[in-house]
Amino acid sequence: MSEQNKFDFDLFVIGAGSGGVRAARMAAQTGARVAAAEGAPLGGTCVNLGCIPKKLYSYAAHYAEAFEESHGYGWEGEKPVLNWETLKQRRATEISRLNGVYENLFKGAGVELVRGWAKLQDPHTVQLDNGQTYTAKHILIATGGKPTVPDVPGKEHVITSNEIFDLPEFPQRLLVVGGGYIASEFASIFNGLGSTVIQLYRSEQILRGFDREVRDFVADEMRKAGVDIRVNANIASIEKTMEGLKATLEDGSVLVADQILYATGRAPNISGLGFEELGGETAKNGAIKVNERYQTTIPSIFALGDVTDRIQLTPVALAEAMVLVDDLFGKNQKKMSYEYIPTAVFTHPNIGTVGYSEEQAWEKFGDIRVFRSEFRQLKHTLSGSSARVFMKLIVDVATDKVVGMHMAGEDAGEIIQGFAVAVKAGVTKAGFDSTIGIHPTTAEEFVTMRG
C-alpha cells in the first residue's frame with residue numbers, strides 16, 4: 001500500500017469556517033482527497049454570527065439617520081418604524097442561502113462534508129461524535145474562536161455577540177460591556193436601530209490598538225450620535241429584577257437594561273478537540289501554537305485562523321489557507337505577510353485603517369510626518385447632520401513612504417481598501433501628491449493633504 005493510500009484522506013479539516021472552507025476547497029482542486037467536519041451551519045463565525053449579519057444590521061441601522069437627513073433634501077413624511085421580526089427573518093433567510101452556497105462549493109470541489117463534531121484520536125485519526133473515525137495524512141484545525149464572558153456574579157443573565165442577532169424582543173435599553181471593535185460596533189448599530197445604549201469600558205478609551213486620534217474622534221462622534229460611552233467603568237454584579245437586568249457597577253452606581261451584551265474578548269475554540277491530550281502545544285489563552293508554515297508541535301497537524309489567535313480577520317484566515325495548501329499540495333511558493341493588512345470597523349462612523357498608527361510609527365520609524373484633516377462632508381451641508389470625517393496619513397521621512405492611513409467617516413472601509421493596494425506596494429507621499437483627486441468626493445482629501 002502506498003504512503004498516500006494508507007490513509008482515508010490526504011487532508012482532513014476540522015471546522016468549516018472561512019479558513020477551513022478555503023483550505024478544503026483549494027486542496028481538493030489540486031486533486032487531493034479532502035474531507036471537512038462541521039457540527040454547526042457552514043461558514044463559521046463570519047457568515048453566521050459575525051461579519052455578514054453584523055454588516056447587514058449596520059446597513060439597517062443607517063436607514064434611521066438617512067430618513068432623518070433626507071428632510072434637508074426636501075423629502076417629507078412620517079418617521080419609519082423598525083420591525084425587528086422582519087429584519088431578523090430577512091437576515092436568517094440570507095444566512096441560510098450562504099450556508100447552501102458553501103455546501104455547493106464543497107460539492108463542486110469534491111470535498112467530502114462530514115456533519116458532526118470531530119475529536120483528535122492520534123496524529124492521523126479523528127473521531128466524530130457519532131463514533132465514526134477517519135484517518136488522514138494531514139489534519140487541519142480551523143475551529144475559530146468563541147466569545148468569552150468574565151466571571152461576574154449574574155453572568156448567566158448576559159448575552160454575547162452569538163445571541164444578539166436573534167433576540168426574541170428588541171432591546172429598548174441595551175448595556176454593552178467592552179471597548180473593542182465588536183463592542184463598539186454593536187453599541188453603534190443598536191443605537192442606530194433605536195435602542196438606548198450605554199457602553200461601559202474598564203479602561204480610559206475605547207478601541208485600544210487603533211490610532212489614538214482615531215479613537216478619540218470616533219468616541220466623540222458615537223457620543224454625538226447618542227451612545228452613552230462611559231470609560232473607567234465596569235460591572236461588579238448583575239441581577240434579574242421586575243424592572244429588567246440590574247447591573248451594579250464597581251463604583252456602586254446602578255444601571256437597568258433589557259439586555260446586557262458582553263463583548264470583552266474571544267477565546268480560541270479548542271475545548272473537546274483533544275489537541276492538548278495528544279501533547280499539542282498551546283499559548284496561555286488556549287491559542288494553538290504554529291510555526292510560520294501553520295504546523296503545530298504535532299508535525300501532521302496544522303492550524304490557522306482565529307484558533308491560532310494571530311490576526312482575527314476573515315481575509316487573513318483565507319490568505320493563510322492559500323499558503324498552507326500551496327505548502328502541502330502545491331509548489332511551496334506562497335508567503336504570508338502580516339504587515340499592512342487593511343481593516344475596517346463598522347462603528348458609526350466607520351473606521352478604515354491600513355499600516356501603522358501614529359504611536360507605532362514614532363516607535364518603528366523614529367522620524368515621521370503626520371498629515372491630518374477633519375471636515376464636514378458635502379452631503380451634510382444640506383442634511384443637517386453634524387457628522388464629521390477624520391483622515392490621517394503617516395509618512396516615514398527617510399523613505400517618503402506612506403506607512404499609515406486612517407479614516408473615520410462614511411464608507412471608510414471602501415475608501416481604505418483601494419488605497420491599501422498602493423500602501424502595500426510602497427507608495428510614497430510624492431505618489432499621493434501627484435495623483436489627481438476625483439471631485440467632489442471624500443476620498444480626494446487623501447491626495448490633497450499638503451499641510
Side-chain angles (χ1 to χ4, degrees), residues 18 43-70 80-95 97-98 147 159-167 170-171 174 176 178-197 199 206-207 210 214-215 217-219 221-229 259 261 263 266 312-315 342-353 377 379-380 383 385 387-390 407-417 442:
S18 302
T45 298
C46 178
V47 167
N48 296 288
L49 299 162
C51 348
I52 302 298
K54 175 186 72 186
K55 189 79 187 282
L56 292 174
Y57 280 25
S58 174
Y59 285 136
H62 276 296
Y63 281 104
E65 66 187 12
F67 283 121
E68 196 60 42
E69 291 165 3
S70 73
V81 178
L82 175 73
N83 185 319
W84 176 238
E85 288 306 316
T86 303
L87 176 59
K88 287 193 299 179
Q89 181 263 315
R90 297 280 296 159
R91 179 213 85 243
T93 303
E94 173 55 13
I95 302 307
R97 186 188 72 80
L98 290 174
I159 58 167
T160 68
S161 56
N162 282 2
E163 295 81 38
I164 189 83
F165 297 110
D166 226 8
L167 294 172
F170 183 79
L174 179 66
V176 178
Y181 74 92
I182 297 173
S184 303
E185 285 175 331
F186 282 117
S188 280
I189 287 166
F190 277 84
N191 174 63
L193 291 174
S195 295
T196 300
V197 178
Q199 181 180 358
I206 61 169
L207 297 165
F210 288 85
V214 171
R215 295 168 68 191
F217 177 83
V218 170
E221 289 291 303
M222 283 174 65
R223 285 192 176 106
K224 210 161 75 178
V227 179
D228 182 356
I229 300 173
Q259 293 286 356
L261 168 69
R266 292 176 66 80
Q312 298 191 15
L313 296 170
T314 287
T343 187
V345 180
F346 298 106
T347 42
H348 301 183
N350 291 180
I351 301 168
T353 176
Q377 275 175 300
K379 172 185 178 179
H380 295 316
S383 75
S385 167
R388 295 180 72 75
V389 175
F390 177 78
M407 175 178 169
E410 201 173 324
D411 292 326
E414 304 290 347
I415 290 170
I416 290 292
Q417 176 69 80
T442 304

Under the side chain to side chain contact (heavy atoms under 4.5 Å, CB included) criterion, do T442 and K379 qualify, and how do the steps go? CA-CA 10 Å; T442 304; K379 172 185 178 179; over 6 Å; no
Of N350, I351, T353, V218, the residue whose pairing with V345 passes side chain to side chain contact (heavy atoms under 4.5 Å, CB included): I351
Less than 4.5 Å apart, side chain to side chain, heavy atoms only: is that true for I164 and F186? yes
So does Q377 have more than 12 non-hydrogen atoms from other groups sitting under 6.0 Å from CD? yes
S184 versus I206, closest heavy-atom pair with distance: OG-CD1, 3.9 Å
Any ion pair linking R91 and E94 (charged N to carboxylate O, less than 4.0 Å)? no
Under a 4.5 Å cut-off applied to non-hydrogen side-chain atoms, are M222 and Q199 in contact? yes
Closest heavy-atom pair, G352 versus A412, reported as atoms and distance to 0.1 Å, is N-CB, 3.4 Å
Can you name the nearest heavy-atom pair linking S161 to P147, along with the distance? OG-CG, 3.9 Å
First locate atom CD1 of I95, then atom CG of L49, and finally report the distance between them rounded to the nearest 0.5 Å. 8.5 Å
L98/I52 under side chain to side chain contact (heavy atoms under 4.5 Å, CB included): CA gap, chis, key distance, verdict: CA-CA 10 Å; L98 290 174; I52 302 298; 3.8 Å; yes
Heavy-atom side-chain contact between I189 and K54 under 4.5 Å: yes
Is any side-chain heavy atom of R223 closer than 4.5 Å to one of V227? no
Can you measure from NZ (K55) to CZ (F346) and round to the nearest 0.5 angstrom? 4.0 Å
Residues A344 and G413: closest non-hydrogen pair is CB-CA, 3.9 Å
Tell me if a side-chain donor or acceptor on R215 pairs with a main-chain N or O of F210 at a distance below 3.5 Å. no
D411 side chain vs E414 backbone, donor-acceptor pair below 3.5 Å: no
Does E221 pair with R388 as a salt bridge, N-O distance under 4.0 Å? no
Apply side chain to side chain contact (heavy atoms under 4.5 Å, CB included) to residues H348 and S58 and explain how you reach the verdict. CA-CA 8 Å; H348 301 183; S58 174; 3.3 Å; yes
Heavy-atom neighbours of R90 CZ exceed 12 at 6.0 Å: no
Return the orientation label for the Y57 and F190 ring planes: parallel under 30°, perpendicular over 60°, tilted otherwise. perpendicular
Say you draw a straight line from CG of N48 to CG of N162; how long is it, rounded to the nearest 0.5 Å? 10.0 Å
Under 3.5 Å donor-acceptor, S195 side chain and N191 backbone: no
Side-chain donor/acceptor of W84 to backbone N/O of L167, under 3.5 Å: yes
To the nearest 0.5 Å, how far apart are OG1 in T160 and CD1 in I182? 9.5 Å
Looking at every non-hydrogen atom in both residues, tell me the closest pair between P80 and F67 and how far apart they are. CG-CD1, 3.1 Å
Are the side chains of M407 and P349 in contact, using a 4.5 Å heavy-atom criterion? no
Stepwise side chain to side chain contact (heavy atoms under 4.5 Å, CB included) check, S383 with H380: CA-CA 5 Å; S383 75; H380 295 316; 2.7 Å; yes
CZ-CD distance between F170 and Q259, expressed to the nearest 0.5 angstrom: 11.0 Å
